[in-house]
> 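Quick one: structure below, then a few questions.
Naming: A, B, ... by sequence-line order, numbering from 1 per chain.
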Amino acid sequence: MAGATHVEDKTSRTTGPVPAVGPASALTPARAAASAPTVRVSVDGREVVVPAGSNVLAAVLQTDERFPHICYHPALGPIQTCDTCIAEIDGKLQRACAVEARDGMQVRTKAVAARWARKEAMDRILHNHELYCTVCDNNNGNCVVHNTAMAMNIEHQKYPFSPKPYEQDNSHPFYRYDPDQCILCGRCVEACQNLQVSEVLSIDWSRERPRVIWDNDVPINESSCVSCGHCVTVCPCNALMEKSMLGEAGFLTGIDPALLERMIHLTKETEPGYGPIFTVSEVEAKMREARIQRTKTVCTYCGVGCSFDIWTKGRKILKVQPQMEAPANQISTCVKGKFGWEWVNHRDRLLTPLIRRGDEFVPATWDEALDLVAQRLTEIKQRYGPDAIGYISSSKCTNEENYLMQKFARAVMGTNNIDNCSRYCQTPATEGLHRTVGYGGDSGSIRDIEMADLVIVIGANPAESHPVLSTRVRRAHKKRGQKLIVADLRRHDLARRADLYLHPNPGTDLVWISAVTKYILDQGWEDKDFLREHVNGLEAFRASLEPYTLDHAAEVTGIGKDDLIRVAEMIHQASTTCILWAMGITQHVGGSETSTAICNLLLVTGNFGRPGTGAYPLRGHNNVQGAGDFGCAPLYLPGYERVDDPDVRERYERAWGVKLPETPGIDNHQMVEKIHTGELKAMYIMGEEMALVDSNANHVQAAFEKLEFLVVQDVFFSKTAQFADVVLPACPSLEKDGTFTNTERRIQRLYKVFDPLGDSKPDWQIFCELANRLGANWTYTHPSEIMAEAASLAELFRGVSYERLEGYRSLQWPVLEDGTDTPLLYTDGFPFPDGKARLYPVSWKPPIEMPAEYDVHVNNGRILEHFHEGNLTYRVRGIERKVPTAYVEVSPELAAERGIRDGALVRLTSPYGSVKLRAVVTDRVQGNELYLPMNTWHDDEAVNYLTSSYHDDVTHTPAYKEVQVRLEVLEPDGESPMVKGNFRLGHPNPQPGVRVEEKWKRADYQPLVEV
Amino acid sequence: MAKAIQTVRWPEPDPAAEAAAQRARLHNVAAEEAQALEKMMRLLGHLDDAGLLDIANALLAQGGQVMEIIVRQAEKPGTLGLLKSAIALTQGLSQADPQALRHLFAGLSAAGEAAGEASRGGRPSEVGGIFGLWRAMRDPDVAAGLGVMMAMLRGIGASVRRGGAEADGAGPREGARAREGARDTDGDGGRSRR
């Protein structure tokens, strides 16, 4: 395939499909499609056919897959710094990566001048790189510099290596930069500036000896580096290395540095050529394969669904290595996915079941614990009935485990009281989609977001909550001029970059969205053909918009009329629009209504069913989509088929051999209320920190205290576990097989990296053992059998199988029997009886009113570095060093008014509780609006002691975002909670890219190509 | 009523039980791998008889320092020169055609014998002036010997000339590219280091 690198690269373990994310430039080895236009090129006398738009390098690689090229990476495009891919193209020496292939082109790679130029280029590279491969931790068979030097039969160094006058930068906890090994190819810079688009790295070409610098040349850890790891991932040698690899990967790499240097010197003095050195290092690299395992897994830190290889030696994680074949992320990661797995081996892991005895927990055997659970659940069911028990499944667990938990609740225990944490976040979005377009999932893929003309982000902070997805928006915006509108309370990363930033008053989004929709209809800018052919209910909908005039919207939302008109104009001018939203929309009393309003706007403008269009509720957890998909909801069996539909029930009853409960169960919000009313007596909670992440935490915890029996199944001893009667030790994702479904409805396999630690067990095994104690006779031996059962029953997953998901392959539901999946929904209509979507009139629910003394609004959510309540990421030392505590963001205006400086200690009190944190003064927030990250495991900092039990009427999703507090300053000064190492303290250095022209302008650069 | 509790009564560590468990694990492994273990023990016995285990133990115990000594010795100019010569010789010989080498060494051996015989009192054949030399060269054995020597001289000369050219650092495009800038063509500041 044209996009594969010639010699193995870190990011191309196998030759796989070519990237969906291409460089913004057309010069890329592009996707080969049968119907796509092609061009014919002659390479060394051989005719080669490549897709139109490909570069000459792609054509050359078809004839010689070992043809050199170092700086070119298929995810980055041509950088043109290394000169190693020079060929004679139509009689002129040119870089093959930077020339677009055209019909009839004559390419000679074997011309003497071309060969000499490539050799000269490689010699120049080796002037900057010391070859000590056998004792290098990057000698793993995929070092581009090593492999290229070997493929070119480099025997001697024409320009001897000379060190650069800079020290190694070891300041960052996760990676280090060694200037002496840096070949100045600029891959890292291109990745940082134009793929991740954090704009931190650059090469300072003006120095006598150029080098990569961070921001304006500060130590890495003091820069604005967000630790995404892109630079390390694409580095073609060992200049940028994960610290976890150093001294660990090789057999000889742990030698004392001083001695190592002398050994390298000795080898070079005595060795007549590189051939024998390469041979030894090749042998050593092969030997490494025996002890370093590379296992594909899927990240668990958000709904983007990044997949990558994890390299392990025993139980030590050497590194995370993304691969080009990864369908959602390719080579992209964020700090958590790339570096945040240390907790898996943490000493705090639950390794044995615990049983409550009096005022303490005592360790127990699995038999004791499971016998007790089976006995108590049976007793409670017999005494109070099956609906006296509630089951909470986990968006962090696999599809198979979610399927088994709902099957356990329904088929074994006889209740539909099963729910999962999507109730806390995205159920309103699902409701909005169900009402209007039919499927409760993203309308397309991340690729569609990337290729849209216009992206609108409402109430979401993808740069921190869906980091890799946000890179696609930033890249398209920077490189291709994609338009971006952001509506949010905070001026976050995407808001700062947006072409138009809107700051609505809290909880008023429905009003401005409806006003824009009305304005578009009033102007006659609606997609009339689309509405006529594909949508019902236009006239009733038009009438329902009557109150939403621009004047009314401006008054309610605080957004100027001009800005509202500009939004409408931008949508009108764009041929494709995607709208992304998250908790800023859903976690309100009107969450479902606002989500519906978004879908209405997209329907009116015809933005469904075409590439680059659609509605994208950004799923927060790795498998929040899958938990709902596979039936962990009180109303739905797997595939969103209703439990009160007798036909559906009958299908499952036949397959499971039991009678199923007919009435819908209760959701997690109702479960808490019913504990308080005495109707719910027991709960079984899998992988969910409900005591801290449900709103109104004091109320929830008081409920747990009233339960007769509580089972908690988790990886760590959580706050929720403190209320349990039995705690069961479960395995994290790295210790099990299974599948997750990401925000794109994409099902992906994860493979077991480690054996379970201690006596912990994968959740699916725990359910099997428990169910069999209750007479279920489940015989599953592997998650693949569970998926096979689910696929045989649920229409949505008909063609899903582990074989079709092998390795990096994935399927986006609905999946037909023959394995055809659906990356883009609604291309042939909507899943309603007449195939038409429905405009659904909505009405605005003003946010909760609080007494005047609660005069400060508390916005809340995630930060990049931590996950959820922090159970996992505070147990990663490097992350904990960078962001050791939660904090509250205060606007400069409010800080001035109340006498608050960075580090001040403040108490926030709502009618439901209070928290105490140190403040950071920042213009990310404005006026009387605070931002309180949810990521803390300290009781006195957790936002849910402030939140209420108010909720969205339709879905019961808590109104987490409607919090008003009283603010007291306890100490006006103090140590800032934002410590050195926090990227927010850095100063990015935006550049168009590597700026290779600066290199070419240098007096000491002699060109190798002919202009 | 289940109040939140944080206390877990972990069992006291029992070293004796842990040691017993370790022993049991080892016993199991021994039973499973009895044959391999037996062979390994025999091999260890041989190694010990030869004193190799002591040497290996000492080397491993002092690993870093031993390596230090070796490298220090190897770095001395004399050793370094010897290593280089040895490697060059080995490399040179490994590149030669073994068949040709066999003939060459046989020839050298025969020459040695002839010379030895002459020096032990046998009568060396007289060359006798320029015409005598001319006659001697028509002897097929002498002619063949001279041919070999000429070929060797040509090879040595070519190798010496190539080494000189490489030291100059000129590439095939030396006319078109600035010869004097050969080390400074990479645009990464090589000039400053010289």
> Is it the case that more than 12 heavy atoms not belonging to A/E368 sit under 6.0 Å from its CD atom?
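Above 12, so yes.
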> Considering only heavy atoms, which portion of A/T352 lies under 4.5 Å from any heavy atom of chain B: side chain, backbone, both, or neither?
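Contact with chain B is through the side chain of A/T352 alone.
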> Do other residues, nucleotides or ligands put more than 12 heavy atoms under 6.0 Å from the CG atom of A/D359?
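Open: at most 12 neighbouring heavy atoms sit under 6.0 Å from CG of A/D359.
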> What heavy-atom pair brings A/P363 and B/W10 nearest, and what distance separates the two atoms?
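The pair with the smallest heavy-atom distance is CG-CE3, 3.7 Å.
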> Counting only heavy atoms closer than 4.5 Å, note whether A/F717 contacts chain B via side chain, backbone, both or neither.
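Contact with chain B involves the side chain of A/F717 alone.
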> Give, for atom NZ of A/K719 and atom CD of B/Q6, the distance between the pair rounded to the nearest 0.5 Å.
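A/K719 NZ to B/Q6 CD: 6.0 Å, rounded to 0.5 Å.
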